[in-house]
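Just so it is clear, the model here is predicted, and its values are computed rather than measured.
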Amino acid sequence: MVFLFRQYPLFLLVLLFIPGVWFGVHVQTEMLAVVFVVICCLYIFYTFFIVHKRSLLAYKNRWLPGVLIGLLMFCSGLFYSSYRLPNVLLKPVTFYGNGEIVDVVGISEKSVRVNVKFKNVCDENKSCNTSLRVMAFFPIKYLSMLEVGNTIEGEISLSPFDKPSVPFQFDYGSYLSYAGYSAIGFIKDTIVIGERGDVGINRFINQLRIRFKNTFKKETTDKTSLSVLQAMVLGDRDLISYETRTQYIKSGAIHILAVSGLHVGVIYLVLLSLFGFLKRGAFKIVKVIVLLCILWFYAWLTMFSPSVMRATIMFSVVLIGRELMRDTNVYYSLSISAFIILIINPLSVYHVGFWLSHLAVVGIVTFYNSINNWFYFSFVGWRWIWSIVAVSLSAQITTFPLIILLFQGFPIYFLITNVFLIPILPVVLIGGIVMLVVPVNSVVNEILTNPINDLLAYMNKTVEVVSGFPGAFFTGFTITISEMLLLYVVILFLSLFFRVKNPQLLLIGKMAVVLFLTLFLNRIVFASQQQILSLYSKGGKHIVNYIDGFNNITICSNTVQKKELGYIFESYWNHCFVKNDKYYCIDSLFDNRTFLLIIGKSKKIGIVRKGGERDGNSIRKMFSNGTPVVDVLICLGARNEFEEVLNCIKRKELICFSTYNYQSRKKKKSTIYEEHEKYIDMGKDNFYQLKY
C-alpha cells in the first residue's frame, strides 16, 4: 500500500480530497474557518523555517512537504464542497416567476420531471435567491412543449425536501440535494411555456436524444425490449418498469442497464479497430482527436453519468498515452478520472455510480490475472468463457460490501447471468448505435431490426429465468457502514498478503474478520430480543407494524399495496433481520369485528378499528370473558366513535389514527385527550415508534 501511494501520489491525494468533501458538507462554517487558519499557520511556519534553517531540508524531514500537501488537499475538498453546496429551501414558497428548462429528467404516467433553473426566487420575507435549481413536476400534457432551453413563466409552488419518516428509508430529499437541486416544484395549469430562439449545445443534445428515442420506438416491437435498449445505448431508464428493474437486480445484471465502463470500453475497442489503419505521422494525431471527440460526444449523449465520465476519462488517458508511447497505469488513470469528476461536481462522492464504477475497475485490475490463472483451457471457447467469469468475480470482490450496504442483498447467480449476457451486450450495443446513425428506412436498419429484437428478447428472458431461481437474491442480510469498512480492510490486507506474503498483513486481515463477525453477530443477538411497534400514517393510509424477535406482523389499510409497503418499510425490516411474511389488510383480518388483540412475548397490543358492530349488545358480548388489559391500544379512526369500546379496555398507552384535522379536534377539548397521559395523535405525526 505504501508502495502504491509512493508510485502514484495522485491516488493518495484523491483519497484525502474525498473526506474533505464530506467534512465540507456536514461541518459548520465556523469550523471551516478554524481549519483554514490552522493550515495557513502551518504553511507559514514551514516556509519560515525553510528560509532561516536549512536543517528542515534534511532527509529525515522529507515527510513534512507530503503532510502539508495532504492537508492542503483535504482543506481544498472541504472548502470547495461547501462552496458548491446548493442553497436548499427550508420553507414552502409560492411565487410568480420565470425559469429555464435545463434538462428533462424523467417521464411517468401522470407527470414529467424537469430540471428548471429559476432566478430571483423570493419568499414571504422578500429575501431572494439569484439562482435556484428545482426538480419541477409538470402535468403530462406539457410533455411535447418541454424542451431544453425553453422558458416557463407563471405561478410556481416550491416545497422543501421531505425527510424520511421511517428509519433506513431511502432519503430522496438528500439524493436531490447532492445532485444540486434546491427544492421540489409543482407546476400549475396556468404556466406559460415559451420557446427560445437560439440553439445551444444542450438543446441540440436533448433534441438528438428525442430523435434517437423515436427511432428506437419505431424499430423495436416490444415495450420491455425498447426500455432495455434505451437504457443500454442512451442511459435513459425512464421506461424501465419496476418488474424489469427488479429482475435485473435479482439476476445480477443491473450493470447492463446502466451505461458504464463496459459499454464505453466496447465502443473504444470498436473505434480502435475501425481507425487502426491511421498509424503514422499526422494521421495518428487525427485518429486520437477523432476518437476523443466520439467518446466525449457519447458521454454527453448519455448525460455525463459518473460511470460514463470515469470510463471516458480513463480511456482518454489510455488513448493519449498509447499514442505517445507512454505507460499508462490503470491506477493513475483512475486517480485522474476521480479527481476530474470531483472537480466538476464534488458531491459525486454521494453518487452510487461513482463508487461502484471505480471499485469495479480496481477489482478487475487487482484480481483478474490471479483468478484467470486458476484454470487453463486448451479450447479457446472455454478460455473466453472463463475470462468472463474471472472479470465478474474480480469486479464483485471489491463491490459486494457496498452492494450489500445499499441494496440489503446480493445476487447469487450473477456468474450465470454474465456468462449468458456479456457476449450479447457488444452486439446489441453496436447494433443499436448503427440503427441511430443510418437512415430509418435504410436497408441496414431492415437487416438489423429483427436480430436486435431477438437478442433483446433473449436477454430479457434469460434475466427472467435466472431471477426466478430459488434464492436468486439473498436478501435480509444487511451491514452497517462500520461493518462495510471492515470488509474492505479484510479485502485490502488479504490481497496484499497474497502478493508480498507478509504474515503481519494476514494477521491484520484475520483481526478485521473477527471484529466484523463480532459486530454482526451482536446485531443478530440483539434482533432476537427486539420488540418494536411502528405506526405510519400518511394520505389516509394507515400501517401498524409489530416486530417481536424475528416475527413480523403488519396490518394496513386496504389502499396500501404490497409494493408501496415494501418501499416504506423494507430497508428497516432488513436491518431488523425480519421479512414481510405476515401481511394483513384491515377488512380481511377483522372480519366485521371492532377489536383485535395481538399477543407478543411480553406485550399485548389491542387494535380498535372504524366499522364493525359497535352496538351495546355486541360490545358486551365481545368482552364477556372479562375486561382486556393491553399495553398499547391503537385506534384506527376518530376517537368519538369508540367511546363505548374505550371504556371497556384498560390500557397503558393510547395511539390514535384519525382523518380529522388535528387542530380542530384539539379545540373540541374531548375528555379522551385529557384523561390519558401517554396519548399519541397520529393525525399530527405520520410516524411513531415504541421500542420495548
Side-chain angles (χ1 to χ4, degrees), residues 106-109 213 216-217 219-260 262-263 266 307 352-353 356 360 385 388-389 391-393 395-396 399-400 403-404 406-432 435 448-477 561-567 570 574 579-581 583:
I107 304 171
S108 63
E109 296 180 356
K213 291 178 186 178
F216 283 150
K217 191 174 182 180
E219 302 294 341
T220 311
T221 57
D222 182 63
K223 185 177 180 181
T224 304
S225 299
L226 172 62
S227 63
V228 173
L229 185 60
Q230 279 192 187
M232 288 177 57
V233 179
L234 300 177
D236 188 343
R237 291 182 284 181
D238 290 339
L239 298 181
I240 298 290
S241 64
Y242 176 81
E243 291 75 15
T244 302
R245 182 177 181 273
T246 302
Q247 290 175 355
Y248 272 81
I249 290 176
K250 289 184 177 181
S251 62
I254 190 62
H255 60 282
I256 291 178
L257 298 182
V259 179
S260 60
L262 179 63
H263 304 67
V266 170
S307 56
V352 178
L356 288 178
I385 293 176
I388 296 176
V389 173
V391 170
S392 301
L393 284 175
Q396 291 292 348
T399 57
F400 85 90
I403 291 175
I404 295 175
L406 297 175
F407 299 104
Q408 290 93 44
F410 190 79
I412 301 299
Y413 306 110
F414 68 93
L415 287 177
I416 298 176
T417 309
N418 287 333
V419 167
F420 281 94
L421 295 190
I422 294 299
I424 305 299
L425 184 141
V427 180
V428 176
L429 179 62
I430 300 303
M435 291 171 62
L448 287 177
T449 298
N450 290 332
I452 294 298
N453 281 304
D454 292 340
L455 290 176
L456 288 170
Y458 163 78
M459 292 175 62
N460 294 328
K461 188 62 178 179
T462 302
V463 168
E464 181 184 352
V465 171
V466 174
S467 63
F469 286 171
F473 192 75
F474 183 65
T475 186
F477 177 76
Q561 299 179 358
K562 193 170 184 179
K563 181 175 69 173
E564 183 180 7
L565 181 65
Y567 173 76
E570 186 173 6
N574 288 334
K579 296 182 178 180
N580 185 22
D581 50 358
Y583 161 73

Test item: Thr399 side-chain N/O and Ala395 main-chain N/O as donor-acceptor pair under 3.5 Å: yes
How close do Ser241 and Thr244 get, heavy atom to heavy atom, and via which atoms? OG-OG1, 2.9 Å
Considering all heavy atoms of both residues, which atom of Asn453 and which atom of Glu219 are nearest to each other, and what is their separation? ND2-O, 3.1 Å
Quick one, Ser467 and Thr246 - any side-chain contact, counting heavy atoms below 4.5 Å? no
Determine the minimum heavy-atom distance between Ser227 and Ile240, stating which atoms define it. O-CD1, 3.5 Å
On a heavy-atom basis, the closest approach of Ile256 and Met232 is O-CG, 3.4 Å
Does some side-chain heavy atom of Phe469 sit less than 4.5 Å from a side-chain heavy atom of Ile412? no
Is any side-chain heavy atom of Asp222 closer than 4.5 Å to one of Leu456? no
Taking Thr417 for its side chain and Ser251 for its backbone only, find out whether a donor-acceptor pair lies under 3.5 Å. yes
Interatomic distance, CD1@Ile385 vs CG@Asn418, rounded to 0.5 Å, equals 13.0 Å
Can you confirm whether Val463 sits close enough to Met459 that some side-chain heavy atom of one is under 4.5 Å from a side-chain heavy atom of the other? no
When rounded to the nearest 0.5 Å, the distance separating CD1 of Ile403 from CD of Gln396 is 4.5 Å
For residues Leu415 and Ser392, report the shortest heavy-atom separation together with the two atoms involved. CD2-CB, 3.7 Å
Spatial distance of atom CD1 (Ile452) from atom CG (Leu229) [nearest 0.5 Å]: 7.5 Å
CD1 of Ile424 to OG1 of Thr462, rounded to nearest 0.5 Å, is 8.0 Å
Without swapping roles, check the side chain of Asn574 against the backbone of Phe407 for a donor-acceptor pair under 3.5 Å. no
Euclidean distance, Glu243 CD relative to Glu464 CD, rounded to 0.5 Å: 11.0 Å
What pair of heavy atoms forms the shortest contact from Lys250 to Pro411, and how long is it? O-CB, 3.5 Å
As an exercise, state the distance from NZ of Lys579 to CD of Glu570, rounded to the nearest 0.5 Å. 11.0 Å
Around atom CZ of Phe420, are there more than 12 heavy atoms of other residues, nucleotides or ligands at under 6.0 Å? no
Can Val466 and Tyr248 be said to form a side chain to side chain contact (heavy atoms under 4.5 Å, CB included), step by step? CA-CA 9 Å; Val466 174; Tyr248 272 81; over 6 Å; no
When you measure from the side chain of His263 to the backbone of Leu257, do you find a donor-acceptor pair of N or O atoms at a distance under 3.5 Å? no
Of Val428, Asn460, Leu239, which is the lone residue that meets side-chain contact (heavy atoms from CB on, under 4.5 Å) with Val228? Asn460
